[in-house]
Amino acid sequence: MERYNFKIIEEKWQEYWIKKKTFATKIDKNKKKFYCLEMFPYPSGKIHMGHVRNYTIGDVLARYKSLEGYNVLHPMGWDSFGMPAENAARQNKLSPKDWTESNILNMKMQLKRLGLSIDWDREISTCSPDYYKHQQEFFLELYDKGLVYRKEQYVNWDPIDQTVLANEQVIDGKGWRSGAVVERRKLNQWFFNITKFSGELLQGLEGLDQWPNKVKVMQRNWIGKSFGCEVEFKIENSKNIGSISCFTTRPDTLFGMSFLAVSVDHPLSKFYENDEKFKEFKKQCSTTGTTEESIANAEKIGFKTDLIAINPLDNNLKVPVYFANFVLMEYGLGAVFGCPAHDQRDLDFALKYKLKVTTVVSPELDKKNFKVNNKAYTGPGYICNSSFLNGLKCPDDSIIKTIEYLEKEKLGTKKINFRLKDWGVSRQRYWGCPIPIMYDDSGKAHKVPKDMLPVELPNIDRLEPTGNPLDKEVEWKTINFKGKKYLRETDTLDTFVDSSWYFLRFCSPLKKDYGFDFKEAKYWMPVDQYIGGVEHAILHLLYSRFFMQAISYKNNNIDLKEPFKGLFTQGMVCHETYKDLKNNWISPDEIIIKDGKKVLKKDNSIEVKVGSIESMSKSKKNTIDPEKIIDSYGADSVRLFILSDSPPEKDVQWSEEGIISSFKFLQKLWSLHLKILDEIKKKHKKDSGKNLLKFTHKFIKKITVNLNNFSYNVIVANLHEMYSFLSKETENQYTKETLEENYKKILITILPIIPHFSSECLNLLGTNVKVKWPKYDGSIVEEDFVNIVIQINGKKKRPYYNQEKYRRK
RNA sequence: GGGGCGAUGGCGGAAUUGGUAGACGCGUUGGUCUUAGGAACCAAUAUUUUCGGAUGUGAAGGUUCGAGUCCUUUUCGCCCUACCA
């Protein structure tokens, strides 16, 4: 029997789609639009299985929506600025541009081989001046709106990558890429005023009902809104310090205050700069590691000052002021009042320094003498030992009433505090978007005039091993403008800026005078379904939301606030790991399985230890090259398998058995197809029943429902059911018309999953390629019989299935 | 410490709304064909059984005619986040 030749068939359809521009899109006001977007890749050289999964999920949706009659925008581009290009350039002594461009060519070819329904006419690349020109315009637009500023600030400095990192890029005190322990340095930096929209970004999450809850929770926590007030504490001292302000969410516990603690970075520290003991203390604080463990176990330590703070609610209550290692300058005002009875940190501190512990919250109203020992009480209750606050219900009433009182007496102000910090976007790197700023003799910053954009990167063929490459480009750096000499800004923008608006660029990728066309964006935006990894839950997804806010801020042409209506985060692709006896990682290519059990190394037949299943990574050598897999099994098999084993939002395990089984299944579908073609030729006179019709409609319903729920793994199961049903049922006699009509509908419903195969089969049935998603008839789907199960005492006793007397009326 | 998610055969996982638990795949076992099979096809595959059944969705309770699904408590696992005032 003729085998299914995926090589010929897949290539044929891929060429056809490109030649006919099947996926090219234009505005069509008569059609509902659907913008389907997957996170665009960094052009590292080759696609990996993560890409395959991401883009297959997106492609299934795009193809389905298109068959349903939507005008689908499904573009692709390249997040092509970034460190790897610079590193590769240094290693291989070539230019980042050449390296990046050749990677793009290769990966584009690889993506095409997956049979993705992408409108390649809209391809963009962030490292192209055509793209980053508009980014520079946006930078200046935001500058004019007061959303960009420059200031000297302590920054996260990555000593390996030799660049500044955003807070979001520091994980466990280490650089997210290099893994180096991040240092603190004071530098002049450009910032985006993301905190201006803290409230909006938080509020906006409420409306995103098609986002995973997980991501919304993460963003909510990152923005970190807390409600409380600022309280001013008068200071008794010899140093002419008037007062210290603290932010607190628990002003109602003020009567339980027994010390006041400030950060070693607090402005107050300048009074102690010459104090040797303080210096030593400060050093001790900085040596407390940044690892999770060291923070969790770090002892609370303090440095007692000669200052005395006065409780604003009762001037007779006076407490000592400490510098303390657990108070951070980065949060709130860098100063806290300590209430040991109701905060564990404060209690630890108080016990160590033998400070008073006054209980001011009691779990029950009449429970007198409630005492805190070595565990702070943080639960609800009633205020006690607090003069006029006594008896207030805590925390609800007590906090509000106390703030009201403090405001009335002008002792404090109600305040909402956010944890979110402004976004530092300066990077001391070459391969990024130049910041369109120039400095005059006095160092004052000026905008580069719009008609001088883009500020293009100079070509550097060979990068120096360290330092900021642009800083050394004297010729490029120096410019004359209206007879005056200026020096260019030599920092480039964080590459997260590039990806913060690319979804807008896709709406009108060729537009010359602005980053996007308002009319096009109004039609296409927001992205209806965005698909990508959860690792971007806060970084990219928050920045993009900010950018949308920033662009529509003070702009009458666009009022969209949220760029992504729906978000789907897919799981990772995993694989077994292997190690030799010396604990070196071994790649799946290097092993062979003997007798179905023993795992041996191919070249020397030495036994290999099979390790846990881990997400594919180069370091563990458990990656599988998609290109090789496509060579051996074809794109449809790969698509089928990557969708089959697990729900798309969960991790999936790649296995040789799995891909082989998908490949075999496709072969079986092909022989079924040939069998059906035979049956059609037989020209039976009469239908043998309604089974086929009923199955087809049920099948369409199932697939439709499962597509809408992203239950793609179940769809693959449905395909198997379809195979086993049709291989039996087609042995019954059906007329040419019935068989063709139903089979065609089935083929259309499987087109999003295995597009090459399905297109080929439809074509062999003489079907025009322009097909529509079939509708199912609810009355046909309904079962003819009612299953009745007899229960006695709630236990299933006798089921009566499909009996004529229970026919549905 | 705070938060989120989850727990169903040997494994990955099915099961709109409470209504025949274990679809589908992998693996395993048996068979057919074959020089051979790691190919193809057929069959079996939750546990237990005196072959009538009985028991089964991490554990314990509850609601219900009926619970994998709803409620309460609890155990375990994964992920995120962290001295956040």
Fill in: Counter-base of B:G9, judged by Watson-Crick or G-U geometry with both distances under 3.5 Å
none
Worksheet item: Just how far, in rounded Å, is P of B:G4 from CH2 of A:W211?
Response: 19 Å
Worksheet entry | Residue pair A:A335 / A:I244: nearest heavy atoms and the distance that separates them | CB-CG2, 3.9 Å
Worksheet item: What's the base orientation of B:G9: syn (chi within 90° of 0) or anti?
Response: syn
Fill in: Gap between atoms CD1 and C1', on A:I223 and B:U81 respectively (whole Å)
14 Å
Practice prompt. Using the P atom as the reference point in each nucleotide, state the distance between B:A7 and B:A15 in Å, no decimals.
Written response: 12 Å
Item to complete: Would you classify B:G62 as syn or anti? Syn applies when the glycosidic angle is within 90° of 0.
Response: anti
Worksheet entry | salt bridge (charged side-chain N to carboxylate O under 4.0 Å, His left out) partners of A:R545, counting only residues at least two apart | A:E562
Discussion item. If the cut-off is 4.0 Å, is A:R419 near the phosphate of B:A82, judged by side-chain N/O to OP1 or OP2?
Written reply: yes
Worksheet entry | Euclidean distance for C1', B:A14 against B:C33 (whole angstrom) | 34 Å
Discussion item. Give me the distance, rounded to whole Å, that separates B:U48 from B:A40 when you measure between the C1' atoms they each carry.
Written reply: 36 Å
Discussion item. I'd like the P distance from B:G62 over to B:U69, given in whole Å.
Written reply: 14 Å
Worksheet item: If you measure from the P atom in B:U74 to the same atom in B:U29, how many Å do you get, rounded?
Response: 45 Å
Worksheet item: Who does B:A36 pair with, Watson-Crick or G-U, both distances under 3.5 Å?
Response: none
Item to complete: Classify the nucleic acid contact of A:V534 as base, sugar-phosphate or nothing, counting any heavy atom under 4.0 Å across all strands shown.
Response: nothing
Worksheet item: Listed by chain and number, what are the side chain to side chain contact (heavy atoms under 4.5 Å, CB included) partners of A:I624, not counting sequence neighbours?
Response: A:M49, A:H575, A:P588, A:M616, A:I629, A:W654
Item to complete: Can you tell me the pairing partner of B:G1 across any strand shown, Watson-Crick or G-U wobble, with both distances under 3.5 angstrom?
Response: B:U81
Practice prompt. Check the side chains of A:T577 and A:N622 for a donor-acceptor pair under 3.5 angstrom, ignoring hydrogens and angles.
Written response: no
Fill in: Candidates B:A40, B:U16, B:C41 - which lies nearest the side chain of A:K668
B:C41
Grab the N/O contacts between the protein and nucleotides 11-13 of chain B below 3.5 Å, and write none if there aren't any.
{"unit_1": "B:G12", "atom_1": "O2'", "unit_2": "A:D645", "atom_2": "O", "d": "2.9"}
{"unit_1": "B:G12", "atom_1": "O2'", "unit_2": "A:S646", "atom_2": "OG", "d": "3.0"}
{"unit_1": "B:G13", "atom_1": "O3'", "unit_2": "A:N713", "atom_2": "ND2", "d": "3.4"}

Fill in: Contacts of A:F259 that satisfy ring-ring contact (aromatic ring centres under 6.0 Å, His included) - sequence neighbours left out
A:F349
Discussion item. Can you tell me the base-pairing partner of B:C51? Count Watson-Crick or G-U wobble geometry only, both distances below 3.5 Å, and say none if there is no partner.
Written reply: none
Item to complete: Compare side-chain N and O positions of A:R345 against OP1 and OP2 of B:C84 and report whether any pair is under 4.0 Å apart.
Response: yes
Practice prompt. May I have the distance from A:Y4 (atom OH) to B:A40 (atom P), rounded to whole angstrom?
Written response: 18 Å
Worksheet entry | P spacing across the pair B:G9 / B:G56, given as an integer number of angstrom | 14 Å
Worksheet entry | A:R220 CZ - B:G3 C1' separation (whole Å) | 11 Å
Item to complete: Starting at atom CZ of A:F326, determine the distance to atom P of B:A82, rounded to an integer number of angstrom.
Response: 19 Å
Response to the item:
Rounding to 0.5 Å, atoms OG1 (A:T358) and CG (A:L317) come to a distance of 8.0 Å
Worksheet item: Hey, does the side-chain of A:K300 have a donor or acceptor N/O within less than 3.5 Å of a partner on the base of B:C83?
Response: yes
Worksheet entry | Contacts of type side chain to side chain contact (heavy atoms under 4.5 Å, CB included), residue A:T413, not counting sequence neighbours | A:E230, A:E407
Item to complete: For A:M572 and B:C78, give me the distance from atom CE to atom P, rounded to whole Å.
Response: 14 Å
Worksheet item: If you check every side-chain atom of A:M218, which of B:C80, B:G4, B:C84 has the closest atom?
Response: B:C80
Discussion item. Taking any heavy-atom pair under 4.0 Å as a contact, classify A:K701: base, sugar-phosphate, or nothing.
Written reply: base
Item to complete: Taking atom C1' in both B:A43 and B:A36, compute the distance separating them and give it to the nearest angstrom.
Response: 23 Å
Practice prompt. May I ask you to check whether over 12 heavy atoms, not counting those of A:K225, lie within 6.0 Å of atom NZ?
Written response: no
Worksheet item: Would you say A:K214 reaches B:C79's phosphate, i.e. side-chain N/O to OP1/OP2 under 4.0 Å?
Response: no
Worksheet entry | Nearest-angstrom distance, P atom, B:A85 to B:C76 | 28 Å
Discussion item. Any residue in residues 714-727 of chain A with a heavy atom nearer than 4.0 angstrom to RNA chain B? Just list them by number, or reply none.
Written reply: A:V714, A:A717, A:H720, A:E721
Worksheet, complete the sentence: Residues passing the salt bridge (charged side-chain N to carboxylate O under 4.0 Å, His left out) test with A:E721, sequence neighbours excluded, are A:K702
Response to the item:
salt bridge (charged side-chain N to carboxylate O under 4.0 Å, His left out) filter on A:K620, not counting sequence neighbours, yields A:E614
Fill in: Closest approach of A:P320 to A:S258 (non-hydrogen atoms, all atoms of both residues)
CD-O, 3.6 Å
Worksheet entry | Sugar-phosphate, base or nothing in reach of A:N213, heavy atoms under 4.0 Å | sugar-phosphate
Worksheet, complete the sentence: Across all chains, not counting sequence neighbours, the side chain to side chain contact (heavy atoms under 4.5 Å, CB included) partners of A:V608 are A:Y578, A:I586, A:I591, A:V599, A:K601
Worksheet item: What does B:U45 pair with, Watson-Crick or G-U, if both distances are under 3.5 Å?
Response: B:G27
Worksheet item: Between A:W222 (CH2) and B:G2 (C1'), how many Å, whole number?
Response: 15 Å
